[in-house]
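Please read the structure below before turning to the comments.
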Amino acid sequence: MNKSQAINLLENEGWTKADAMRALEVIDFKSNPDEITIRRATSRFAGTELINRQRLQASQKGMVTKKNKEIERTHQEYTAKINGLNQSYQKEQEKYATQIQHLSNTNKVLETQLQNANTQNNELVKANQQLQKDNKDLKNIIDGIKLKLTMNIKQLLQYEDSEIRKALIHMFKSTLG
């Protein structure tokens, strides 16, 4: 009889496969043992020993079941916490995305205002340059008028009194346009 046949024999008599394998560990299957040899070797595990093993196994299964339930409960708690954290994270992410979008829109508005300000600044610089040029031209005109006025006064000082009055009237008329 080989090992698998021996295991089947014991399973047919109500043994678990694990108990049968433990009981058959002491048998050398290379010597092709018969059923009596197998029963003698496994008899130590039968009866009270088997019942004790099965009780121990049932106790262990109960502990495993209890631990599995505890693990499942812990798993559910952590899953709930993770889901809560994920929801919180998503809300925070949405909040920050909204703030980022708002800041981006504000940044675009500010960029537009900055471009407008730069354009107006450039226009003001050009206007200032034009005004400086105009002021220079006006200064030249005023300098020309002052020069002409000085020359006319110098000519007036060469005339006699009555001629000076006539020349002054003539000069004032010319300045009035």
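Note that this is a predicted model, so its numbers are computed, not measured. All values below were derived from every heavy atom in this structure, side-chain atoms included, with hydrogens, water molecules and symmetry-related copies excluded.
Side-chain contact between L9 and W15: absent, with no pair of heavy atoms (C-beta onward) separated by less than 4.5 Å.
Between the side chain of T112 and the backbone N or O of K108 there is at least one donor-acceptor pair closer than 3.5 Å. Between the side chain of Q87 and the backbone N or O of G84, no donor-acceptor pair lies under 3.5 Å. Between the side chain of T79 and the backbone N or O of H75 there is at least one donor-acceptor pair closer than 3.5 Å. Side-chain atoms of N121 do not come within 3.5 Å of backbone N or O of A117 as any donor-acceptor pair.
The only option from N152, I145, T150 that meets the side-chain contact (heavy atoms from CB on, under 4.5 Å) definition with K148 turns out to be N152.
In this structure, P33 and D28 approach most closely via the heavy-atom pair CD-O, 3.8 Å. Contact detail for I27 and I38: the closest heavy-atom pair is CD1-CA, 3.8 Å.
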Applying salt bridge (charged side-chain N to carboxylate O under 4.0 Å, His left out), run through K81 and E77 and close with a yes or a no.
CA-CA 6 Å; K81 286 181 181 179; E77 287 175 5; 5.5 Å; no
Would you check, one step at a time, whether the test side-chain contact (heavy atoms from CB on, under 4.5 Å) holds for R39 with E13?
CA-CA 11 Å; R39 291 199 181 272; E13 293 178 0; 2.4 Å; yes
Between I7 and E11, does a side-chain contact (heavy atoms from CB on, under 4.5 Å) hold up when you go through it step by step?
CA-CA 6 Å; I7 290 172; E11 282 182 329; 4.0 Å; yes
Salt bridge (charged side-chain N to carboxylate O under 4.0 Å, His left out) assessment of K66 paired with E70
CA-CA 6 Å; K66 185 178 177 181; E70 185 177 321; over 6 Å; no
Please test T16 against M21 for side-chain contact (heavy atoms from CB on, under 4.5 Å), starting from the C-alpha separation and ending with a verdict.
CA-CA 9 Å; T16 64; M21 290 176 68; over 6 Å; no
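Classification of K139 and D143 as a salt-bridged pair holds, one side-chain N sitting under 4.0 Å from a carboxylate O. Using a 4.0 Å cut-off between charged nitrogen and carboxylate oxygen, R40 and E35 do not count as a salt-bridge pair.
How far NZ of K136 is from CD of Q132: 10.0 Å, rounded to the nearest 0.5 Å. Note: Q99 CD to Q101 CD = 12.0 Å, rounded to the nearest 0.5 Å. Within the model, atoms CG of L24 and OG of S4 stand 10.5 Å from one another, a figure rounded to the nearest 0.5 Å. Between Y96 atom OH and H102 atom NE2 the span is 15.5 Å, to the nearest 0.5 Å. Summarising the geometry, atom CD belonging to Q130 is positioned 10.5 Å from atom CG belonging to N135; distances are rounded to the nearest 0.5 Å. Between the CG atom of N32 and the CG atom of N2 there is a distance of 8.0 Å, given to the nearest 0.5 Å.
Side-chain contact of Q120 with N116: a donor-acceptor pair under 3.5 Å is absent, judged by distance alone. Between the side chains of T37 and D34, at least one donor-acceptor pair of N or O atoms lies under 3.5 Å.
Under the 4.5 Å side-chain heavy-atom criterion for grouping Ile, Leu, Val, Met, Phe, Trp and Tyr, L10 is connected to V26 within one hydrophobic cluster.
Within a 6.0 Å sphere centred on CG of L110, other residues, nucleotides and ligands contribute more than 12 heavy atoms. Applying the 6.0 Å contact sphere to CZ of F29 captures more than 12 heavy atoms from other residues, nucleotides or ligands.
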